[in-house]
Amino acid sequence: MRFPIAVLTTLTILALLATPTYASDTYRSVIAGQEKPVLEFLRTFEALQEQLHPAKFVQLQSVLSKTVGNQFVQIRADLNELTSLPELEDFDQTWRAAIGLLDTTYGIFVRSDRSSLIGAFLQSRAAFPRARYRLYAIRQYTPTLQQYWVLPEAVARLAALEKRAANQKRKVGFMHQPRSSNHGAYSLYVPENYDPDRHWRLIIALHGGSGMDDEYLLTWLRQAKSKGYIVLAPKSLGRTWAIENPDPDVLSDVLSIVAMLNRIRAEYAIDPDRILVTGLSDGGTFAYTLGSSRPNLFGGVAPIAGVLPPWFDVKKARALPILIIHGAQDFIFPFMTARMANATLIGNGFAEVTYKKLADWGHGIHTR
């Protein structure tokens, strides 16, 4: 499913902001007052995803409920009383749609019982990124929310991060490509300040089981925008990566990603020595497979909450740097699987293996 993004008429919005009328001042005041609770919800819900665990589900629901309370009820009531100006129609529709999706995310999560944890997570996870894509489209007109899209240390550089290089004509920001004859669907983020005169790092980020490319791409936005690297988020050819049988489906997924990579390298200035493969859960497991299939193509592999597959070619990939990241509270793949992977790789002569155990982390998505 692709996430539609409203196209805003920048000149009309800027013209309105520069015209101090009673109606525009009232409208801006209401929207500005809603930005802070929206920002608080975004950050709280992201933090909860990292701690997701069946035993903690009721506790996490309580935390979210206490944080949000009836804020969305109030926000929607205020919007219903607010008259949008004709020249702000695109902005208004985008903001209202985003609020509705965030309210849906909240409602699904706090009203589900423990037995439906996975279902609640998947349903809320579907609405949450759709809201964020819409909010990102209007980021220049929501100053309080601007800080959400970058790391704290990059807030002071926001203007520079948004400035387009004078000498470049490539598309920047989010791009979503459909499946073709030689590769699957994929999503791409190119920083808005992309400059073809420098070589850019590239992260290949592989979604988890039942995940989507455009959804998982957002989990890397903050880092990519702040630190300056391009992110490719492929979609598996099947429902998930073929992690159970390396032949023939895994080969197809490998060839699909290589085809995507070749296309992107032909269009953007990618540093060939700094292409990293990472992934979450099934994506972490497949990151091992992808890395070992083309060890000379990648600068390293960083599986997150994944499992070292039995067919991982230890001899072929021995020179490949590996960073293993795993949550101590992981209830799907216990952290012992990561410890065993670490021991196996070191025992097979891997010189660069780092194992990072996150004490409070479950089988979730790290977003910060």
Side-chain angles (χ1 to χ4, degrees), residues 45-53 118 121-122 125 128-129 151 186-187 189 201-224 226-227 229-236 240-243 250 253-254 257 274-293 298-309 312 317 320-346 350 352-368:
F45 193 71
E46 281 190 343
L48 296 187
Q49 291 183 81
E50 297 176 7
Q51 304 171 44
L52 203 63
H53 192 287
I118 301 300
F121 174 63
L122 292 176
R125 194 177 72 176
F128 191 50
L151 298 171
Y186 68 85
S187 292
Y189 172 72
R201 293 171 290 178
L202 174 69
I203 306 293
I204 300 177
L206 309 176
H207 63 76
S210 301
M212 294 294 293
D213 50 308
D214 39 15
E215 169 203 351
Y216 194 49
L217 179 65
L218 283 172
T219 67
W220 286 93
L221 172 62
R222 194 172 290 118
Q223 293 278 343
S226 303
K227 297 187 176 182
Y229 51 77
I230 295 171
V231 181
L232 164 64
K235 176 68 183 80
S236 59
T240 189
W241 309 102
I243 60 176
V250 165
D253 271 324
V254 168
I257 294 173
R274 295 195 294 174
I275 301 175
L276 173 71
V277 179
T278 186
L280 173 72
S281 191
D282 283 4
T285 299
F286 191 73
Y288 281 117
T289 299
L290 180 60
S292 66
S293 73
F298 306 115
V301 174
I304 305 170
V307 176
L308 181 68
F312 183 72
L320 193 64
I322 307 287
L323 170 62
I324 302 170
I325 303 172
H326 217 97
Q329 309 302 319
D330 195 320
F331 61 97
I332 295 182
F333 298 141
F335 75 90
M336 285 299 297
T337 59
R339 182 179 294 175
M340 292 171 59
N342 182 56
T344 298
L345 294 173
I346 292 176
F350 278 70
E352 295 185 63
V353 182
T354 303
Y355 169 45
K356 187 172 183 179
K357 177 181 175 182
L358 304 179
D360 298 323
W361 222 39
H363 194 79
I365 300 174
H366 184 55
T367 56
R368 294 171 288 168

Measure the shortest side-chain to side-chain distance between L276 and Y229 over non-hydrogen atoms and say whether it is less than 4.5 angstrom.
no

Find the distance between CG (D253) and NZ (K235) and round it off to the nearest 0.5 Å.
8.5 Å

Using only atom types and a distance under 3.5 Å, with no angle test, would you say the side chain of S226 pairs donor to acceptor with the backbone of Q223?
no

Could you state the interatomic distance from OG1 (T289) to CZ (F286), rounded to the nearest 0.5 Å?
6.0 Å

Minimum heavy-atom separation for A317 and F350, please, with both atom names.
O-CE2, 2.9 Å

Correct closest heavy-atom pair for F298 and G291 would be CD1-CA, 3.9 Å

Tell me the closest heavy-atom pair linking S281 and G208, and the distance in Å.
CB-CA, 4.3 Å

Distance (rounded to the nearest 0.5 Å) between D213 CG and L206 CG
11.0 Å

Once rounded to the nearest 0.5 Å, what's the spacing between atom CD1 of I304 and atom CD1 of I324?
12.0 Å

Between F45 and F128, how do the two ring planes meet: parallel, tilted or perpendicular, split at 30° and 60°?
perpendicular

Sidechain-backbone polar pair: T354 side chain, L323 backbone, donor-acceptor under 3.5 Å
no

Do the side chain of T278 and the main chain of A302 share a donor and acceptor less than 3.5 angstrom apart?
yes

Can you tell me if W241 uses its side chain to pair, donor with acceptor, with the backbone of H207 under 3.5 Å?
yes

Which atom pair, heavy atoms only, marks the closest approach of A359 to A328?
O-CB, 3.5 Å

How close do G279 and A287 get, counting heavy atoms only, and between which atoms?
N-CB, 4.3 Å

Minimal non-hydrogen separation, I346 against V353, with atom names
CG1-CB, 4.2 Å

N/O donor-acceptor pair under 3.5 Å between R201 side chain and K227 backbone
yes

How long is the span from the CG atom in L308 to the OG1 atom in T344, to the nearest 0.5 Å?
6.0 Å

When you measure from the side chain of E352 to the backbone N and O of I322, does any donor-acceptor pair fall under 3.5 Å?
no

Spacing of Y288 atom OH and L320 atom CG [to the nearest 0.5 Å]:
10.5 Å

Taking R339's backbone N and O only, do any of them form a donor-acceptor pair with H326's side chain (distance below 3.5 Å, no angle check)?
no

